[in-house]
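Scroll down for the structure; my scribbles are underneath it.
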2 protein chains.
Amino acid sequence: MAKPVSKSRGDRAPLTRARVLRGAVAIADASGIGALTMRSLAQELDVKPMSLYHYVANKDEILDGIVDLVFSEIDLPSADGEWRSEMRRRATSARRVLRRHPWAIGLLESRSTPGPATLRHHDATIGTLRRAGFSVAMTAHAYALLDSYVYGFALQEASLPFDGPDTVADVAEPMMQRFSPDEYPHLVEMASEHILKPGYDFGDEFEFGLGVILDALTRSIP
Amino acid sequence: MAKPVSKSRGDRAPLTRARVLRGAVAIADASGIGALTMRSLAQELDVKPMSLYHYVANKDEILDGIVDLVFSEIDLPSADGEWRSEMRRRATSARRVLRRHPWAIGLLESRSTPGPATLRHHDATIGTLRRAGFSVAMTAHAYALLDSYVYGFALQEASLPFDGPDTVADVAEPMMQRFSPDEYPHLVEMASEHILKPGYDFGDEFEFGLGVILDALTRSIP
DNA sequence: CGGGCCCACCGTACTTAGTACGGCCACGCT
DNA sequence: AGCGTGGCCGTACTAAGTACGGTGGGCCCG
């Protein structure tokens with residue numbers, strides 16, 4: 001005679017919209033966005049597929065939701081910090097977050113209804129730039145430039161076949177077989193003399209570009 | 001009594017791998033990557049679904065194939081041009097191509113086996129930078145920066161809900177209802193004072209950032 | 001000229017996924 | 001006790017990827 005539990009079905013936590021979205025992120029992180037199905041999500045949450053529809057209208061709403069959840073993980077620039085360091089912090093944080101959730105990058109392209117965290121994020125960033133003395137037009141330029149760089153870098157990082165500075169050579173070697181130095185001489189030079197060298201980490205390129213961009217923006221404050 | 005055609009089934013062109021891939025691009029361009037299914041593609045080509053499998057192993061191979069096809073549309077930098085103008089031309093062309101095929105951006109993240117056009121493209125670009133006097137390491141920096149910017153810009157463009165400078169206000173107006181000036185003051189300022197002004201075109205931001213980047217790179221040639 | 005072979009194409013069917021529709025059952029309120 | 005309600009689910013339909021095994025018309029060989 002088990003102690004009577006208040007709820008009949010097991011004693012798992014009750015479903016909520018937040019739990020649904022967090023579960024979806026967990027699945028996408030672990031196995032890619034392709035593994036996120038209503039059925040796999042239901043299983044993760046220990047319910048049956050149709051139960052999810054009491055918290056989201058359809059799968060698209062889940063996708064919109066997890067994109068906003070990802071945005072909420074990015075550091076907001078603080079209102080009173082120095083703009084350059086705040087922008088650097090924001091960019092670095094955004095890259096780290098998108099590295100943790102690489103599937104989110106591709107989703108940005110298809111989802112066009114930003115959630116509240118996304119809007120808050122944009123608002124804070126624009127605010128920091130405006131307070132730094134950038135005109136409205138210049139803020140638009142700067143923001144487009146910064147975000148393009150961050151997103152594009154994250155996109156390139158995500159499409160790399162390896163994951164850290166560890167197994168670069170292992171993955172690249174078989175690939176090198178595919179193209180002879182005659183066909184792609186510069187690619188081979190770049191690979192053999194630089195990228196395949198121990199210690200090379202594509203992620204380190206991020207700082208260079210970010211510095212270039214911030215320097216250039218500094219010069220365009222009135 | 002119809003003129004006897006040589007082939008029994010209708011007189012449509014015979015299937016080829018190239019025709020399959022071109023058809024796939026056509027569908028993705030017209031209706032988005034979501035509308036590209038083996039069945040829709042078969043219908044487009046006037047065959048039955050299973051016929052496609054004589055030319056591609058599976059759908060993934062089609063996705064890899066069309067990404068490479070997209071790359072092949074991007075202008076290669078010419079070997080003997082001035083590096084700055086060649087890089088500008090390449091970037092501009094890439095943006096135009098990715099605007100024509102926005103679905104390709106999201107695909108870049110998931111596909112990690114570059115095709116021949118992709119490799120040729122990278123090789124030519126690296127070659128131009130090396131010939132301009134950039135060191136191997138600096139070329140890696142420059143290329144990462146340039147490509148990040150181009151991809152990221154294309155990604156942002158693709159996620160805009162409108163398509164040209166025409167219906168910006170129409171789309172943005174209802175969106176403005178969702179956030180009050182109290183919640184997102186800077187966003188509202190940016191929208192009302194800049195982006196919603198007639199004549200604003202996000203695409204114009206591209207030149208600014210590209211110029212900034214090319215200027216910065218110029219300064220880093222030994 | 002006839003028979004066989006091959007290759008391009010296809011029919012059928014199985015699996016997985018999204019989701020419409022209508023229950024059903026425990027709880028709490030009266 | 002009856003009843004409503006809210007949270008969960010069973011069933012089933014549709015769409016999509018693709019395994020597997022044809023099949024039939026053109027062409028080559030004899």
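Computed from heavy atoms alone, side chains included, the values below leave out hydrogens, waters and symmetry copies. Throughout, protein chains are lettered first and strands after them, A, B, ... in sequence-line order, and every chain is numbered starting at 1.
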Are R95(B) and F206(B) in a cation-pi setup, meaning NZ or CZ lies under 6.0 angstrom from the ring centre and within 45 degrees of the ring axis?
->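 Yes, R95(B) sits over the ring of F206(B).
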Without decimals, in angstroms, what is the distance between [X] [atom1] and [N] [atom2]?
X: R17(B); N: dA8(C); atom1: CZ; atom2: P; result: 15 Å
X: R19(B); N: dA8(C); atom1: CZ; atom2: P; result: 14 Å
X: H54(A); N: dG23(C); atom1: NE2; atom2: P; result: 14 Å
X: L52(A); N: dA17(C); atom1: CG; atom2: P; result: 14 Å
X: E61(A); N: dG18(C); atom1: CD; atom2: C1'; result: 15 Å
X: I33(A); N: dA17(C); atom1: CD1; atom2: P; result: 14 Å
X: D46(B); N: dA8(C); atom1: CG; atom2: P; result: 18 Å
X: N58(A); N: dT14(D); atom1: CG; atom2: P; result: 20 Å

Quick one: are the ring centres of Y151(A) and F153(B) less than 6.0 Å apart?
->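 No, the ring of Y151(A) stays outside the 6.0 Å limit from the ring of F153(B), centre to centre.
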Is the gap between the ring centers of H122(A) and Y184(B) under 6.0 Å?
->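 Ring-ring flag for H122(A)/Y184(B): false, centres at least 6.0 Å apart.
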Nearest to the side chain of [X], heavy atoms from C-beta on, is which of [options]?
X: V47(B); options: dC10(C), dT19(C), dC9(D); answer: dC10(C)
X: L15(B); options: dC8(D), dC9(C), dG18(C); answer: dC9(C)
X: M38(B); options: dC9(C), dT18(D), dT19(C); answer: dT18(D)
X: P49(A); options: dA16(D), dT19(C), dT18(D); answer: dT19(C)

Of R39(B) and P14(B), whose nearest nucleotide on DNA chain C comes first from the 5' end?
->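 Nearest-nucleotide comparison on DNA chain C picks P14(B).
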Mind checking S51(A) for me? I need base, sugar-phosphate or nothing, with any heavy atom below 4.0 Å counting as a touch.
-> base
Take M50(B) and K59(B), find for each the nucleotide of DNA chain D with the closest heavy atom, and name the residue whose nucleotide sits nearer the 5' end.
-> K59(B)
Give the ring-plane orientation class for F208(B) versus H141(A), where under 30° counts as parallel, over 60° as perpendicular and anything between as tilted.
->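 It falls in the parallel class, under 30°.
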Please check the phosphate of dG10(D) (OP1 and OP2 only) for any side-chain N or O of K48(A) closer than 4.0 Å.
-> yes
Under 4.0 Å: is that the gap between some side-chain N or O of Y53(B) and OP1 or OP2 of dC20(D)?
-> no
In terms of side-chain heavy atoms, does E73(A) have a donor or acceptor partner in H101(A) at a distance below 3.5 Å?
->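 Yes.
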